[in-house]
Q: 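Supplied in structure tokens, the structure appears directly below.
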Amino acid sequence: MDEMLREFVVEALDLATNVEEHLLSLERNPGDMNTLNAVFRSFHTIKGGAGFMNLTAMVSACHLTENLFDALRTGKAAVTPEAIEAALEASGFVADQLAALNNGTPPEQLSTMPPALERMLTDAIEGGSSTPAAVAAPTPAPVAAPAAIAPVAAAPAPVSAEANNKDGEIDWTAYYRAVVPPGTLPEPVADVIAQPVAATPVATAPAPASIREETEAVKATLATPDAAIKQNAPAKEESIRIDAVKLNTLLEVAGESVQAANQAAVLLEKLSQFKFDGQAAPIMSALTETLTRASRYSTELQRATLATRMQPVGRLFQKFPRLVRELARDLGKDVDLVISGAETEVDRVVVDSLYDPLVHMLRNALDHGIESAEDRAQINKPVRATISLKAWQEASSVMIEVSDDGKGMDAQKLRDKAISKGLINPHDARTDDEAFQLVFLPGFSTKEVASSVSGRGVGMDVVKTAVERHRGAIRIASELGKGTTFLIRLPIELSIVPTMVVRTDGASLALPMATVQRVVELPEEFESVGGQPVLRDLGRPLPVKSLGRILGYSPASERVGIVIAAPSPYILSVDSVDGTADLVIKPLTCITTPGVTGTARSAEGELVLVISLSFLIDGCRVRELMSA
């Protein structure tokens, strides 16, 4: 794809996404003229670029949709569900064409506009017009009002010697008009009209009002001599597009520079233990100052590079209103999607990878969670159901919540289903929270018959896998008859994670700070509940689990405990705590180790294993699935 076509595709994709959002808003508020005009302008802009790129099918679709919205905004047609549906289909066709171009399809291989889409648009246009042919014809461009006198106005009037030396004084206004760029000052009406017969004394004399206006304009412009230059200067570009691969490379280099600076700081601290005399003292002082400055700048570089990858989740959320609308219609349900926190920023990689998980969750909420209108009426619920999609920032994490006011989940029914399918043992999933987590098991579904929406037992497994791939965690809360809430926790920045570095059996391990509440001292002996060691923390008994033993190490003397913030809090015992550090994480690509999400290098250059956030939230359980 050449550069010009690539630029068009990127800009048109943004417009197409906004068009869909505007159309759904217009469906709720048919009289909103601002939205009508915004949709018209978007299709007009896309049509212009597509015409320049010779994309005939896209031009045809945009042209018909432009005609439709011209009829809607002028009142020749009404904003009906049929008109909105036709516009949505056209928007989808344009988005599909742009996506195909973005994926490398040559323009000449793009599909033509489907006849069914053309009929939909034509019917929508003709449905509200007494003269269908006139509406379907291309809308003429608006004619500029002063076209007839524009050529005269564009040329500055010649400055005559008599005018310049009238009554022995120089006419500064005439001089200034002769040197400023055309169009800077308003033209006197009498001068413009009477240009061809300038010899007539009456015609050349400007009206008194025009003289006053021009004098004020000259004074204002002379007071700001840069005004003419600014008016004719090219517009500044506030942003530029950067290839994602280049940005990722820059981020990786910035991360490595921070690591190198941290290691240099550790070496410098070791050197400071020695005494330097004579000429070595000022050299050591200068080295300390230089390394401190280099460390500070490398950290700032890394933060600035990370900021360039941050994007609001609204870019992702705005794709879902149409999906919910169409799926609810297919299922015969009346549902509102309420979005909040769209301005919350998260790493671009997370935004791009969350689409499929959120689609699965919304589809499940519509199919499994929301009752039919009849069922809701019988239990005194509003006939119109609500699905909420919101995001917010919490410490170093981004929280994304999908909730519904449907029928909720039955924990016992989930247990029985998982046991009958052979996915768990009868003694597993004893608490409701553990039972809710069963929906993430591969092959688990509560539906007896698979439909086109759900029931094959693969959707929620995909959700959990995608979230954990980005070092996140997902939890479920549900109340029977009230609704269900899915809560996703993700790190704001994928490459840098604030951690607490601990040791067990000599190995260095890092725990994400998002789960660390505090550090406690462990006693020699513990209370025991059901054979499980328990320690009272702030008055509540918490189970104590050995991190080394869970991961396969041989812990010697674990006298330090980390209180882990999880739905069921517990204490993780380790040998010692080395401190906290922001680590640059490298994901594991060749092997998969339960509980370990990646590796990093400490400031001393030591290899550190990073423990998975979801592993800690799940209570450090390694589940072995039963064979069916």
Side-chain angles (χ1 to χ4, degrees), residues 255 258-259 262-263 265-266 269-270 395-397 468 471-473 489 491 493-526 532-538 540-588 591-622:
V258 171
Q259 290 289 84
N262 290 340
Q263 292 180 16
V266 171
E269 185 178 354
K270 292 179 179 179
S396 60
S397 300
E468 292 182 351
R471 296 191 292 278
R489 179 193 291 268
E493 300 167 352
L494 285 182
S495 57
I496 299 180
V497 178
T499 64
M500 174 174 284
V501 182
V502 300
R503 286 192 178 274
T504 183
D505 194 23
S508 185
L509 307 169
L511 311 178
M513 288 297 295
T515 61
V516 175
Q517 281 191 336
R518 60 189 160 276
V519 179
V520 296
E521 184 179 356
L522 299 181
E524 292 284 342
E525 296 182 357
F526 299 97
Q532 171 76 36
V534 170
L535 176 68
R536 290 193 173 273
D537 176 67
L538 302 180
R540 56 180 179 174
L542 297 181
V544 180
K545 302 181 180 182
S546 168
L547 178 61
R549 190 170 290 108
I550 292 170
L551 296 179
Y553 292 101
S554 301
S557 125
E558 296 182 329
R559 290 292 171 263
V560 179
I562 314 294
V563 180
I564 300 297
S568 300
Y570 61 97
I571 295 176
L572 207 57
S573 62
V574 296
D575 290 352
S576 63
V577 174
D578 289 351
T580 60
D582 290 347
L583 299 180
V584 180
I585 309 299
K586 303 290 185 182
L588 294 176
I591 60 173
T592 300
T593 303
V596 178
T597 188
T599 62
R601 288 282 177 186
S602 67
E604 292 79 10
E606 183 182 9
L607 180 67
V608 180
L609 297 181
V610 183
I611 307 301
S612 167
L613 176 69
S614 61
F615 181 72
L616 293 172
I617 289 181
D618 284 341
C620 296
R621 288 192 299 270
V622 180

Q: Looking only at atom types and distance, does a side-chain atom of Thr499 sit under 3.5 Å from a main-chain N or O of Ala581, one as donor and one as acceptor?
A: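 It does hold such a pair.
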
Q: Pairs in or reaching into residues 511-522: which pass salt bridge (Lys or Arg N to Asp or Glu O under 4.0 Å), with residues at least two apart or in two chains?
A: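 Only Arg518-Asp537 qualify under salt bridge (Lys or Arg N to Asp or Glu O under 4.0 Å).
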
Q: If I take atom CG from residue Leu522 and atom CG from residue Leu535, how far apart are they, to the nearest 0.5 angstrom?
A: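 Nearest 0.5 Å value for the CG-CG distance: 6.5 Å.
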
Q: Who pairs with Glu524 by salt bridge (Lys or Arg N to Asp or Glu O under 4.0 Å), at least two apart in sequence or on another chain?
A: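 Testing Glu524 for salt bridge (Lys or Arg N to Asp or Glu O under 4.0 Å), a comparison that skips the adjacent residues, returns Arg559.
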
Q: Does Ser612 have any side chain to side chain donor-acceptor pair (under 3.5 Å) partners at least two apart in sequence or in another chain, and if so, which?
A: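 Testing Ser612 for side chain to side chain donor-acceptor pair (under 3.5 Å), a comparison that skips the adjacent residues, returns Ser614.
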
Q: Is any side-chain heavy atom of Ser576 less than 4.5 Å from a side-chain heavy atom of Asp578?
A: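 With C-beta onward as the side chain, the pair touches.
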
Q: So Leu616 and Leu572, do their side chains get closer than 4.5 Å, heavy atoms only?
A: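 SC-SC contact between Leu572 and Leu616 confirmed.
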
Q: What heavy-atom pair brings Thr504 and Gly548 nearest, and what distance separates the two atoms?
A: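 Smallest interatomic distance, heavy atoms only, reads OG1-CA, 3.4 Å.
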
Q: With Arg536, which residues qualify under side chain to side chain donor-acceptor pair (under 3.5 Å), at least two apart?
A: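 Residues passing side chain to side chain donor-acceptor pair (under 3.5 Å) with Arg536: none at all.
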
Q: Let me know which of Val596, Ile550, Thr515 forms a side-chain contact (heavy atoms from CB on, under 4.5 Å) with Phe615.
A: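 Exactly one option meets the side-chain contact (heavy atoms from CB on, under 4.5 Å) with Phe615, and it is Ile550.
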
Q: For the residue pair Leu551 and Pro594, what are the closest heavy atoms and their distance?
A: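 That closest heavy-atom pairing would be CD2-O, 4.0 Å.
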
Q: Which pairs pass salt bridge (Lys or Arg N to Asp or Glu O under 4.0 Å) with one or both residues in residues 605-619, sequence neighbours excluded?
A: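 Checked against salt bridge (Lys or Arg N to Asp or Glu O under 4.0 Å) - neighbours excluded - the pairs reaching residues 605-619 are Lys464-Asp618, Arg475-Asp618, Arg503-Glu606.
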
Q: For the CG atom of Asp575 and the OH atom of Tyr553, what is their distance to the nearest 0.5 Å?
A: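 Taking CG in Asp575 and OH in Tyr553, the distance rounds to 11.5 Å.
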
Q: First locate atom CD of Gln532, then atom NZ of Lys545, and finally report the distance between them rounded to the nearest 0.5 Å.
A: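 The distance works out to 6.5 Å.
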
Q: When rounded to the nearest 0.5 angstrom, what is the spacing between SG in Cys620 and CD1 in Ile564?
A: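 Output value for this atom pair is 7.0 Å.
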
Q: Looking only at heavy atoms, what is the nearest atom pair of Phe526 and Pro533, with distance?
A: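 Nearest heavy atoms, Phe526 then Pro533: CB-CB, 3.9 Å.
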
Q: What pair of heavy atoms forms the shortest contact from Pro543 to Pro569, and how long is it?
A: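 Distance-wise, the nearest heavy atoms are CD-O, 3.8 Å.
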
Q: Under 4.5 Å between any side-chain heavy atoms of Pro498 and Thr580, yes or no?
A: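 Answer no - side chains too far apart.
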
Q: Could you grab the distance from atom CG of Leu511 to atom CD1 of Ile611, nearest 0.5 Å is fine?
A: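 Taking CG in Leu511 and CD1 in Ile611, the distance rounds to 6.5 Å.
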
Q: Check the pair Leu613 / Thr597 against side chain to side chain contact (heavy atoms under 4.5 Å, CB included), numbers first and verdict last.
A: CA-CA 8 Å; Leu613 176 69; Thr597 188; over 6 Å; no

Q: Measuring from Met513:CE to Ser397:OG, what's the distance to the nearest 0.5 Å?
A: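 Answer for the CE-OG pair, Met513 versus Ser397, is 11.0 Å.
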
Q: Is Val577 close to Ile562 at the side-chain level, that is, under 4.5 Å between some pair of heavy atoms?
A: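 Sidechains of Val577 and Ile562: in contact.
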
Q: Report yes if some heavy atom in the side chain of Leu509 is under 4.5 Å from a heavy atom in the side chain of Val502; otherwise report no.
A: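 Touching, per the 4.5 Å side-chain cut-off.
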
Q: Could you tell me which residues satisfy side-chain contact (heavy atoms from CB on, under 4.5 Å) with Val534, sequence neighbours excluded, listed by chain and number?
A: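 side-chain contact (heavy atoms from CB on, under 4.5 Å) list for Val534, sorted by chain: Val529, Pro541.
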
Q: Report yes if the side chains of Ile617 and Pro567 come closer than 4.5 Å at any heavy-atom pair, otherwise no.
A: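 Side-chain contact under 4.5 Å: yes.
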
Q: Going by heavy atoms in the side chains, are Thr599 and Leu609 under 4.5 Å from each other?
A: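 In short, these two side chains touch, coming nearer than 4.5 Å.
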
